[in-house]
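Naming convention: chains lettered A, B, ... in sequence-line order (proteins, then strands); numbering from 1 in each chain. Being a predicted model, the structure only gives us computed values, none of them experimental.
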Amino acid sequence: MEYNFREIEQKWRESWKANKVYKVDNPLVSAPLKPKFYVLDMFPYPSGAGLHVGHPLGYIASDIYSRYKRLKGFNVLHPMGFDSFGLPAEQYAIETGQHPATTTEKNIATFKAQLNKIGFCYDWEREVRTSDASYYKWTQWLFLQLFNSYFCNTQKKARPITELIKKYEREGSKDFTATSWHGYTKKEQQEILMKRRLAFSAYGEVNWCEALGTVLANDEVVNGLSERGGHPVIKKKMRQWYLKITAYADRLLEGLERVEFSESMKEMQRNWIGKSEGAEMEFRLTPNPYSAEATPLTPGRGVEAIKVYTTRPDTIFGVDFIVLAPEHELVAKITTPTQKKQVDEYLAYVKSRSDRERMAEVKQITGCFTGAYAENPFDGKQIPVWIAEYVLAGYGTGAIMAVPCGDQRDFAFAKHFKIPITNIIGEHYNGEEANPTKDATLQNSGFLDGFLMKDAISVAINRIEELGIGKRKVNFRMRDAGFSRQRYWGEPFPIIWEDGVAVPLNENELPLELPFVEKYGPGPEGEGPLANIEEWVEKRRETSTMPGYAGSSWYFLRYMDPQNNDNFCDRTASDYWNQVDVYIGGTEHAVGHLLYSRMWTKVMYDLNLIGFDEPFKRLVNQGMIQGSSRFVYRVFCMAEDELNNKLESTFIVSETYVGWNNSNVFDKNDRLGLEVGKKIDQLYPGKKYKVNTIAVTKLHVDVNIVDGVELDIAAFKKWKPEFINTEFILEDGKYICGVETEKMSKSKYNTVNPDDLVDKFGADTFRMYEMFLGPVEQSKPWDTKGIEGVYRFLRKLWRLFFDEVKGKVWTDEKPTDAELKVLHKTIKKIESDTEQFSFNTAVSAFMISVNELSDLKCNKKEILEQVLILLVPYAPHIAEELWHQLGNQGTILDAAYPVLEEKYLVETSKEYPVSINGKLRTTINMDVNTLQPEAEKLVLENEVVQKWLEGKAPRKIIFVKGKMINVVI
RNA sequence: ACCCGGGUGGUGGAACUGGUAGACACGCAGGACUUAAAAUCCUGUUCGCAGUAAUGCGAGUGACGGUUCAAUUCCGUUCCCGGGUACCA
């Protein structure tokens with residue numbers, strides 16, 4: 001009986017489905033039968049291209065882990081769904097006129113079919129789709145919870161906005177009294193409240209992308225271009241929704257301490273949040289001491305000091321100038337008449353520069369003196385005030401104190417504008433470049449003289465606070481998250497605008513369904529497509545929709561209770577399933593999705609909707625599978641005969657002649673030139689000619705018609721009609737393609753479809769091979785070569801059970817010690833590898849075990865059965881089949897996981913080669929536990945070994961390359 | 001520039017808290033079975049030198065140096081590759 005994977009896999013796919021083997025129940029919290037375990041994949045966006053071999057990498061890993069945990073006795077939740085709102089479907093709709101709902105539906109069907117072929121253990125009854133009204137009803141509901149909450153700065157958590165209203169009514173705030181609160185109009189009150197809401201609306205500069213007709217989040221803009229499509233992005237003022245994620249900055253940082261994310265992942269989040277501690281302090285403006293010119297600082301204008309933010313208050317005596325951002329509001333007020341012209345010119349210049357230019361030309365030093373001076377509060381030194389692009393309006397106070405000897409940017413600026421530099425760190429500053437050290441001892445620094453810089457920081461802040469000119473201050477780089485998109489294919493906001501006031505819908509009006517539209521283009525003035533619908537506008541509904549991360553910020557909760565129509569997720573369900581124990585996905589979501597879902601979780605926790613405040617306990621990042629592209633090199637050559645007639649030829653030449661990194665034009669005397677000559681000779685026999693041009697172009701060729709690097713020429717000719725008459729120049733009868741690693745994509749013809757591999761080798765082979773490629777976390781180019789090895793392994797496993805001639809070969813005999821040893825070695829290795837997500841080494845371990853069992857001609861049912869149980873997570877179909885062949889019922893997933901018995905692993909004695917001083921060479925048998933030699937006589941010179949022979953047992957004996965190096969007694 | 005990863009045979013990759021580097025697999029070479037092919041099985045495969053051979057000797061984990069009886073592993077310097085951030089004061 002042969003290993004017929006097609007038959008077996010289909011049989012079990014159907015059986016598992018029919019018997020609902022993967023159905024997961026929510027037991028009562030009061031009486032959970034089994035401990036729970038939650039394994040989650042980042043759900044995919046169902047793109048039109050379908051799955052390629054890169055997608056399932058993480059899914060296979062999570063599937064293995066889920067099955068393993070189930071075998072270990074856990075009630076495992078391992079669901080799958082679709083992040084089905086998003087821009088690509090809408091773009092596609094604009095291009096083709098097909099409704100996003102239709103294409104999305106179709107794409108999901110393709111995805112599911114592909115996923116099912118690989119044999120994942122999802123409970124499809126728990127599937128969620130963010131674009132289903134039954135799902136986004138709750139996204140909208142959660143938005144309303146955010147809208148109706150504020151961040152209480154004393155309790156450091158979200159509270160209902162009603163509590164804030166009560167407080168305002170009772171005692172007002174630091175900006176107004178209770179009486180004046182009652183005096184405000186409803187609209188004024190709402191405007192005040194709006195600023196405190198966790199989901200709030202405000203006018204703000206947004207990243208407006210003309211080409212896409214939409215607003216993008218900061219993390220969707222890369223170098224001033226849209227992440228998708230690379231279109232230019234400009235700043236535009238618009239009314240926008242935001243989430244007050246900045247309020248959670250501290251808790252988001254603190255929470256990182258309690259989760260198992262990779263260090264680099266945590267680091268990325270920390271950088272994004274960008275917490276910096278320092279001080280805000282004021283520099284009083286003074287009349288220009290070097291000019292008789294009247295100061296613009298006339299009393300009563302309220303312009304007396306510039307507030308700067310610094311993380312290095314210890315360098316206060318090294319301040320040589322102050323720099324304001326060009327957009328700073330004080331610029332107009334402090335500029336002196338003599339400098340006005342220059343400043344205006346500079347401001348015009350800054351305005352003319354796009355974000356992109358500004359970012360691209362960071363090195364360029366620009367700036368302008370305002371004519372104003374400020375006074376160092378500690379030594380009264382007069383400090384010129386400049387404006388410069390390198391200071392950003394949006395961070396800190398938009399103004400800095402510049403310390404050229406300690407900050408490279410300030411240093412470059414000072415040098416460029418010839419501003420004298422004060423040295424406060426003595427020999428640590430060499431005049432050539434700034435030294436940002438904190439370990440120098442301060443000099444020329446008044447009351448800070450003699451302090452180590454890092455100690456001086458708090459001393460300086462204390463003094464600043466004492467003098468009342470500033471205070472300790474923490475700043476964050478992170479901004480509030482833009483939450484509206486001028487798009488169609490997203491969740492509509494459950495908001496109506498009444499006279500400029502945002503009024504939420506009632507809960508019973510949810511879901512607010514996304515209306516059908518004919519046109520997907522933007523509405524008037526950059527509004528979303530919904531603004532094109534008369535009825536929608538008449539009802540004064542919000543016309544923008546929510547961004548992609550809205551639905552994905554909480555989907556892990558919906559899986560726990562997916563069909564609930566009365567609640568987003570019943571509390572009993574979320575209490576039971578609790579945190580996601582293992583979350584698997586790519587690093588690309590480090591600062592987007594992961595940060596948002598962590599914030600939402602914290603809000604829900606604060607509002608007592610769920611009982612935990614970090615969604616993901618452990619995060620495993622799967623690497624990206626890149627494509628390995630193949631190229632052919634098309635040569636075009638043109639020659640001329642003696643009568644100046646053109647002779648042309650086009651053909652394809654093997655890479656041996658043309659390195660892909662070579663230039664495109666070749667000398668006619670090189671090897672390629674000779675080949676070209678031969679071609680011309682063939683085409684124009686007997687002519688004398690002169691080669692003019694040889695040009696080579698590189699073409700992507702479908703990796704599926706290339707075996708390794710050798711092109712299947714017949715398949716190539718059939719591939720596209722224009723290639724049918726292609727001529728080749730071959731090397732040893734073969735065409736060798738060029739190779740490059742690129743992102744996997746259809747247009748590069750380097751995608752490999754998992755379906756093809758499953759058809760050819762079976763899902764089990766495919767799963768194991770994906771794992772065998774290398775560590776899950778690692779990115780690597782896909783290479784199908786090698787899958788044969790895994791396939792051979794499974795067939796070899798099969799042959800332990802079935803002989804081609806004899807059929808069943810297993811027996812009920814008692815296993816031998818050698819066989820038990822193999823089994824338990826395998827149990828130990830597989831268990832620890834699986835636990836650590838080291839699936840590649842686990843696959844190797846299976847191969848070793850099967851080889852060993854095969855060498856031992858092991859046919860003991862007892863052994864084989866246990867091996868199968870170890871194997872189910874990796875190769876579920878074949879394991880299930882063979883387990884049933886052994887006469888078992890039900891599903892192997894309910895079998896008892898093999899128990900490791902160390903006693904079978906203990907080696908009693910081992911043979912060690914010994915040579916001392918290069919002379920004596922022998923082998924001795926030693927008891928592994930005591931390391932006592934069994935050999936009776938050994939003539940040894942080594943003193944330590946002598947002692948050992950005298951009866952002192954050594955603790956450790958070290959052999960290197962057969963030589964006894966050291967014996968520790 | 002800064003912060004994280006990572007450099008190991010022809011290739012993908014192993015190597016536990018320092019202990020015989022190269023597991024496992026691919027590829028390659030040779031052999032067995034076969035009319036032949038496929039499939040399967042066996043042997044070899046880090047490099048260099050010596051030997052008919054078993055084998056022996058030497059070098060070897062990007063480079064240089066250090067600690068150690070012993071370093072892919074720890075420390076320092078440096079080079080290269082990948083990822084993240086980018087005027088954040």
Side-chain angles (χ1 to χ4, degrees), chain A residues 2 219 222-223 262-276 278-279 308-313 315 319 322-323 325 358-359 361-366 388-403 406-410 412-413 436 475-479 586-588 590-591 621 623-624 626 708 741 768-769 772-775 777-793 795-796 799 804 829 832 836 838 840-851 854 912-913 944 956-968:
Chain A
E2 272 284 296
D219 41 303
V222 180
N223 288 329
S262 70
E263 230 6 83
S264 67
M265 207 65 171
K266 288 185 182 179
E267 206 48 38
M268 273 189 238
Q269 295 209 1
R270 285 194 198 107
N271 286 341
W272 186 260
I273 296 168
K275 182 176 182 168
S276 72
V308 304
Y309 175 71
T310 179
T311 54
R312 296 296 302 273
T315 61
V319 177
I322 279 174
V323 189
R358 238 174 119 157
M359 278 187 223
E361 298 160 20
V362 165
K363 293 268 138 49
Q364 199 175 317
I365 299 163
T366 67
E389 288 186 281
Y390 84 91
V391 175
L392 306 174
Y395 183 76
T397 60
I400 61 152
M401 55 180 230
V403 183
D407 183 293
Q408 195 51 47
R409 293 157 304 174
D410 298 345
F413 194 85
N475 263 329
F476 294 99
R477 220 171 78 178
M478 183 170 65
R479 308 290 142 86
T587 38
E588 65 272 22
V591 290
N621 292 118
M624 251 224 301
Q626 292 136 317
T741 299
M768 290 194 94
Y769 182 60
F772 185 68
L773 270 179
E777 298 90 346
Q778 204 167 350
S779 290
K780 56 232 155 190
W782 177 263
D783 183 6
T784 307
K785 280 217 159 184
I787 195 168
E788 295 272 358
V790 177
Y791 186 47
R792 266 178 218 140
F793 154 75
R795 276 181 308 189
K796 196 162 184 173
R799 284 199 304 271
E804 268 179 64
K829 178 82 176 142
S832 81
Q836 294 167 47
S838 179
N840 56 329
T841 51
V843 174
S844 295
F846 276 122
M847 291 178 174
I848 296 169
S849 303
V850 167
N851 280 340
S854 169
Y912 291 91
V944 193
K956 198 177 177 191
I957 303 171
I958 294 131
F959 296 92
V960 174
K961 291 194 178 174
K963 282 182 187 171
M964 187 180 292
I965 295 292
N966 201 8
V967 180
V968 185

5' priority, RNA chain B, between A/Gly774 and A/Gly396 [closest heavy atom]:
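On the 5' side of the pair lies A/Gly774.
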
Between A/Lys275 and A/Arg795, which residue's closest nucleotide on RNA chain B lies nearer the 5′ terminus?
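Taking each residue's closest nucleotide, the earlier one in sequence belongs to A/Arg795.
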
Would you indicate, yes or no, if B/A89 has its OP1 or OP2 atom less than 4.0 angstrom from a side-chain nitrogen or oxygen of A/Tyr390?
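Indeed not, no polar side-chain atom of A/Tyr390 lies that close.
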
Reckon A/Gln778 has a side-chain N or O less than 4.0 Å from the OP1 or OP2 of B/G13?
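Yes.
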
Is a donor on one side and an acceptor on the other found under 3.5 Å between the side chain of A/Lys780 and the backbone of A/Pro775?
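Confirmed, A/Lys780 side chain pairs with A/Pro775 backbone.
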
Determine the contact category for [X]: base if any of its heavy atoms lies under 4.0 Å from a base atom, sugar-phosphate if only primed atoms, P, OP1 or OP2 are that close, otherwise nothing.
X        : answer
A/Ser264 : sugar-phosphate
A/Pro781 : nothing
A/Asn475 : nothing
A/Glu788 : nothing
A/Asp410 : nothing
A/Glu267 : sugar-phosphate

Run the salt bridge (charged side-chain N to carboxylate O under 4.0 Å, His left out) check on A/Arg799 and A/Glu2 step by step: do they pass?
CA-CA 8 Å; A/Arg799 284 199 304 271; A/Glu2 272 284 296; over 6 Å; no

Which nucleotide, in any strand shown, forms a Watson-Crick or G-U wobble pair with [N], with both distances under 3.5 Å?
N     : result
B/C16 : none
B/G51 : none
B/G82 : B/C4

If I pick the C1' atom on B/G22 and the same atom on B/C69, what distance separates them, to the nearest angstrom?
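Nearest-Å result for B/C69 against B/G22 at atom C1': 24 Å.
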
